[in-house]
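Below, read A as the first sequence line, B as the second, and so on, with proteins coming before strands; counting in each chain starts at 1. Any value given below was found using the heavy atoms of this structure, including those in side chains, with hydrogens, waters and symmetry copies removed.
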Amino acid sequence: MSRVNTLFSFAVVGLASLQAWAQQPAASPSRNEVLIKNAVVMTVTHGNIQNGTVYIKDGKIAAVGNDVSAPAGATVIDAGGKYLTPGIIDSHSHIALDDDVNEATSPVTPQMMMMDAFDYQDKAIYRGLAGGVTTSLLLHGSANMIGGQAIVIKHKYGASRDAMLFPGAPRSIKFASGENPKRVYGGKDQLPSTRMGNFAVQRAALVEAQDYMREWDDYDAKVKRGDKDAKPPKRDLKLEALADVLRGKLMVQIHCYRADELLTEMALAKEFGYKVRAFHHALEAYKVADELAAQGVAIATFSDWWGYKQEAWDAIPWNAVISMRKGVRVAIKSDSEDFARRLNQEAAKSMRYGGASEEEALKMITINPAWIIGVEDRVGSIDVGKDADLVLWDGYPLSSFGVPNKVLIDGDVYFDRSLPGFGMPRYKEGE
Amino acid sequence: MVNQSSVVRRRSSDSVVGRWSLVVGQILLALSVCFLSEAAWAQGKTLVLKGGKLLTISHGTIENGVLVISAGKIAAIGAANSVQVPKDAEVIDVTGMTVYPGLIDSESYLGLTEISAEGSTNDLIETSDEIMPHMHVYDAFHAESELIPVARLNGVTNAIVAPQSQDTLPGQDSFIQLDGKSANDMLLVRDIAMPLNFTGEQRRNESWEKRKFPQTRMGLAAQLRQAFIDAQDYSERWSDYEKKKSEAPAKSDDKKSPPSPPKHDLKLEALLPYLQGKRPIVLAAQEPSDLETAVGLAGQFKLKFVLNHISHSQSVLDYVAGLKVPVIVGPIYEDPKNYERYDAVYKLPGELYKRGVKIAFASYDAHAVRNLPYAAGYATGFGLPHDEALKAITLNPAEIWGVADQLGSLDVGKTANVVVANGDPLDVKTDVKRVFIDGREVPMKSRQTELRDRYSR
C-alpha cells in the first residue's frame with residue numbers, strides 16, 4: 001500500500017479507531033464465579049436442558065449441562081426450576097439518545113455518530129434491562145436516506161458510559177427509505193419528496209463517495225509515480241463514512257417497509273457493491289421473502305404493529321413466520337421504549353401467528369438479532385465461551401405471563417426483581 | 001335515532017326534564033331493539049358447542065361442557081350430561097378447546113381511524129375547542145373499517161368507542177359490537193358515557209408562541225366549571241319557561257303573549273344527562289394531583305363517574321378505593337416515570353384489585369385492540385389473579401357499562417357473544433378458532449388473513 005493510500009486509510013482508520021476506542025471495555029475486575037443450578041436452560045442453539053446448570057467464570061459461560069458441579073467458592077443461584085434464557089437482544093432501538101435521534105437537516109448524514117448523543121443514564125436502559133434486554137443496537141432515526149453510525153450497548157445500568165459499550169462490536173450505519181424522508185424533506189419543499197427523490201438522493205450520495213474514493217486513488221497513484229506536486233484531496237467525513245460503506249466496513253441497516261422498496265434497496269446495494277445486513281421494520285418482507293433469503297438479508301420486524309401509516313397498511317402478524325419459513329433470518333425488535341420491555345411476549349406471538357416453535361420464537365429475540373448486530377459469536381445463546389448475559393424468568397418466557405426475575409450481564413446480576421427500590425444491586429439512586 | 005332525538009329537540013314545548021327522559025327513553029328503546037333485533041340478520045339454526053372447557057366467568061369453569069345458542073342467545077349451558085341437545089341443532093365439536101364470553105374493550109378508537117398518519121382517514125377528536133360534549137362518536141363511526149375484523153378475530157366482540165383525549169370534554173362514547181350489517185346494528189348504546197380528561201395533555205401549551213387559553217390546569221378547571229354552571233343555568237331557564245308556560249292561561253283571547261322558549265344550545269344540552277347523574281363520566285387522570293382536582297370537580301357537580309388511567313397514582317390507591325368507583329386501568333404498558341420502579345404501572349391492576357376496586361382493561365387503541373387480552377395476561381405476572389384478569393375484560397366491563405344483563409359471561413339468556421380458542425384466553429400463544437357475535441358465527445377473515453393466504457402459498 002502506498003504512503004498516500006496509507007494516509008487515506010489512516011484517515012479512515014482514524015475514525016474507525018475512534019469508534020474502536022469508544023467500544024473498548026473498561027478493564028474488568030476479577031470476578032467471583034457463579035453457578036446457576038436447577039434451571040430449565042433454553043440454550044437456543046442446542047435445545048432445552050431440564051434441571052440444567054450454567055457455570056460462569058470471568059463473565060463468560062464456562063460450562064453448561066446436567067453434570068456441572070459447583071467449584072468451591074462459587075456463588076450459587078438456585079433457579080428453583082425457573083427458565084433460563086440468553087439475554088434478549090434488541091436490534092432496533094433509539095433509547096438513551098435524549099431525543100437526539102434524527103439529524104433531520106439533510107437527507108445524507110453518515111458522519112453522525114450516535115456515540116456523541118449516548119445518554120447512558122437514561123432510565124429506559126433500566127426498564128429494558130428489567131424486561132430482560134441485555135444488548136441493544138442504538139440507531140439513528142429514519143428521517144434521512146443515509147443516517148448516522150450506530151452504537152451497541154449492554155444494559156449495565158449504573159455502570160460507566162464506557163463500560164456500557166459492547167466491546168469490539170462491529171460498526172453499523174442506518175439507511176432509510178419510504179415515507180419518512182419524503183415527509184421530512186417534502187414537508188419543507190425540499191428534495192426528496194417522493195420515492196424517486198429518495199433513491200436519487202441515495203444514489204447521488206453513493207456516486208459522490210465513489211468519486212471521492214477515485215480522487216484518493218488518483219492521488220495515491222500520483223504519489224506512487226513520484227509526483228511531488230500531488231496534492232491530497234480535501235478530507236470529508238461524510239464521504240469517508242460512505243466510502244466505508246462501499247468498502248464493506250460498515251454494516252448497512254435499512255429502514256424499509258414496502259416490498260418494492262426492499263427490492264430497490266437490494267438492487268442499489270448490488271449496483272454499488274455493498275451488502276445489506278438487515279431490513280428494519282420490513283413489514284412487507286413476506287411478499288418478497290424468497291428474494292431476501294436469496295440475498296442473505298435479515299429482517300428486524302414488529303410482531304403485529306400495523307396501520308400507523310400508509311406503508312404499514314399491508315403489515316400482517318404472520319410476516320415473521322412466513323419470512324422465516326422461506327429462509328429469511330428474522331428478528332423481532334422494539335423500535336420503542338415500550339416494546340423493549342416485553343420482547344419475549346412479542347416473540348411469542350410468532351408461535352400463535354404461523355406456528356413458530358418455541359426455539360424459533362426465542363431465536364427472534366436472541367441469536368438472530370445478535371447476527372444482525374454482528375455479535376452472534378459473543379452473545380445470543382447459552383454456549384460455552386459466550387458472554388454470561390442471562391435471564392432467569394418467573395413464568396414461561398414465551399407467553400403473556402413471563403417476567404424476568406434476575407438479569408445477568410457478563411456474569412454480574414444487574415437486575416433482581418426480589419430487591420426493593422429499583423431492583424438493581426449495582427445501582428443506587430442519586431449516584 | 002339521531003333524527004328522532006333532533007325531532008325531540010325541536011319540540012320546545014316539552015319540559016327540559018321531560019324532553020330528556022323522552023330522549024333517554026328512546027335510547028333505551030333503541031338499545032333493546034338492538035339487542036333483540038338479531039333475528040333480522042341471524043341464522044335460524046340452533047347451534048351447540050360440545051365438549052369444550054367453558055369459562056363461564058360468573059359460575060366457574062365447566063369441563064366437557066355444552067353450550068346451546070338459539071335465536072342469538074345462550075339458550076342453555078352446563079356439563080355434557082346435564083344439557084339436553086336440541087334435535088335439529090347443528091353440533092360443533094369443540095373438544096380440547098376453551099370457550100369463553102366475547103371480550104369487551106373499555107376504551108378503543110375503532111371506527112374512527114384507519115391509517116394513523118393519514119389525516120383523511122381519521123375522525124378521532126375535534127380540537128377546535130376543549131368543551132365539545134356535543135360530539136357523538138356515532139356520527140363518525142365507520143362500520144366497514146378494516147380494523148374491526150382484525151380485532152374480533154382475537155375474540156374482542158364489544159368495545160367502547162371514545163374520542164381521543166386532547167380535549168377535557170371531547171364528546172360522548174358509544175358502545176359497539178364488532179359485527180353487524182351496518183353502523184345501526186353495531187352501535188348498541190349511543191352516548192353511553194362522556195370522557196372528562198384531566199391529565200395535563202389538554203392544555204393548549206404546545207409552545208410559548210402558540211399558547212392560548214387554557215394554557216394551564218387552572219385554565220382547564222375553570223373552563224370546565226363554567227361549562228357545567230352554564231349547563232345548570234340552561235336547565236333552569238328551560239324549567240322556568242316550562243313553568244311559565246304551564247301557568248299561562250289556556251284561553252286564546254288573553255292579551256298576554258305566551259312565554260317564548262330559550263334559545264337551544266347543543267353543547268349545554270349535551271351536559272344535562274351527566275349533571276342529572278343519568279350517565280357516567282369517564283374521569284381520566286394520571287397523577288394524584290390531577291386525580292384529586294378532577295374528583296373534586298366531579299363532586300362539585302355531583303357527577304356520577306368511573307376513573308380512567310390513574311397510571312401514576314400509586315401513592316393514593318387507598319384514596320382511590322375509598323371513592324368506591326370502578327377504574328379503567330392502564331394502558332399497563334404506559335412507561336413509568338423516572339422516579340418509579342419499572343413495574344409501578346404493571347402492578348396497578350393487582351394493587352387496585354387487592355383494595356376491592358372493580359377494574360377493567362382497555363386497549364386505548366384501534367389497531368391494537370386485538371392485544372387487549374395480553375395486557376390483562378401481563379398484569380397476572382404482577383399480582384393480579386388470573387381469573388380476575390379475565391373478568392376485567394368480560395364481566396367487569398359489562399357491569400361498568402350497564403350491559404351485564406346481556407353480556408360479559410356465559411349465562412342463559414345473555415347475548416351469544418362466544419369465543420372458541422385453543423388455550424388460555426390471556427396468552428399470546430392462544431389461537432382463536434371461532435367467534436360468535438349475536439349468535440352468528442363470524443368468518444375468521446380479515447384483510448390481513450387475505451394477505452397472509454395470498455403470500456404464504
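The closest donor-acceptor contact from the side chain of K123(A) to the backbone of N338(B) lies under 3.5 Å.
Contacts between P373(B) and chain A at a heavy-atom distance below 4.5 Å are absent for every atom of the residue. Heavy atoms of D365(B) lying under 4.5 Å from chain A are absent altogether. Heavy atoms of F339(A) lying under 4.5 Å from chain B are absent altogether. Only the side chain of Y126(A) comes within less than 4.5 Å of a heavy atom of chain B; its backbone N, CA, C and O stay farther away. With a 4.5 angstrom heavy-atom cutoff, R325(A) does not touch chain B via any of its atoms. Residue A315(A) touches chain B through its backbone alone, counting heavy-atom pairs closer than 4.5 Å. For chain A, the nearby part of V150(B) is the side chain; its heavy atoms alone come within less than 4.5 Å.
Taking A124(A), G421(A), A348(A), G395(A) one by one and counting their heavy-atom pairs under 4.5 Å with chain B, the maximum is reached by G421(A). For chain A, the option among R370(B), E118(B), R454(B) with the highest count of heavy-atom pairs below 4.5 Å is R370(B). The candidate from N319(A), D304(A), I322(A), D338(A) with the greatest count of non-hydrogen atom pairs under 4.5 Å with chain B is D304(A). Across M351(A), R342(A), E179(A), the residue that shares the most heavy-atom pairs under 4.5 angstrom with chain B is R342(A). Ranking A368(B), A366(B), A379(B), G381(B) against chain A, the residue ahead of the rest is G381(B), based on heavy-atom pairs under 4.5 Å. The choice from N371(B), T113(B), V432(B) that makes the most heavy-atom pairs within less than 4.5 Å of chain A is N371(B). Of the residues considered (S350(A), A289(A), P317(A), A312(A)), P317(A) shows the highest number of contacts with chain B, using heavy-atom pairs under 4.5 Å. Contacts with chain A were tallied for G377(B), A117(B), S446(B), S116(B); S116(B) has the most, counting heavy-atom pairs under 4.5 Å.
Residues R341(B) and G423(A) come closest through the heavy atom pair NH1-N, 3.8 Å. Here the closest non-hydrogen pair linking L451(B) and K287(A) is CD2-CE, 4.4 Å. The nearest pair of heavy atoms linking R447(B) to D314(A) is NH2-OD1, 2.6 Å.
With a 6.0 Å radius and a threshold of 12 heavy atoms from other residues, nucleotides or ligands, K326(A) has its NZ atom above the threshold. Heavy atoms of other residues, nucleotides or ligands lying less than 6.0 angstrom from NZ of K445(B) number 12 at most. Surrounding OH of Y353(B) are at most 12 heavy atoms belonging to other residues, nucleotides or ligands under 6.0 Å away. Counted within 6.0 Å of NZ on K154(A), heavy atoms from surrounding residues, nucleotides or ligands total more than 12; the atom is thus considered enclosed.
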Stepwise salt bridge (charged side-chain N to carboxylate O under 4.0 Å, His left out) check, D427(B) with R352(A): CA-CA 10 Å; D427(B) 193 6; R352(A) 182 258 159 99; over 6 Å; no

D424(B) vs F401(A), side chain to side chain contact (heavy atoms under 4.5 Å, CB included): CA-CA, chis, key distance, verdict: CA-CA 11 Å; D424(B) 184 339; F401(A) 318 116; 3.5 Å; yes

Trace of the side chain to side chain contact (heavy atoms under 4.5 Å, CB included) decision for L147(B) with W306(A): CA-CA 10 Å; L147(B) 281 65; W306(A) 71 290; 3.7 Å; yes

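In this structure the side chain of W313(A) reaches within 4.5 angstrom of the side chain of E114(B), judged on heavy atoms. A 4.5 Å side-chain heavy-atom check between Y286(A) and R452(B) finds every atom pair outside the cut-off. With contacts defined as side-chain heavy-atom distances shorter than 4.5 Å, the pair V428(B)/K349(A) qualifies. The shortest distance between side-chain heavy atoms of Y333(B) and R341(A) falls below 4.5 Å. Annotation: side chain of Y353(A) is not in contact with side chain of Q448(B) (no heavy-atom distance under 4.5 Å). You'll find the side chain of Y455(B) stays beyond 4.5 Å of the side chain of I316(A), heavy atoms only.
Considering OG of S399(A) and OH of Y374(B), their distance stands at 12.0 Å, rounded to 0.5 Å.
A cation-pi arrangement is absent between R127(A) and Y346(B), since the terminal nitrogen or guanidinium carbon is not both under 6.0 Å from the aromatic centre and inside a 45° cone about the axis.
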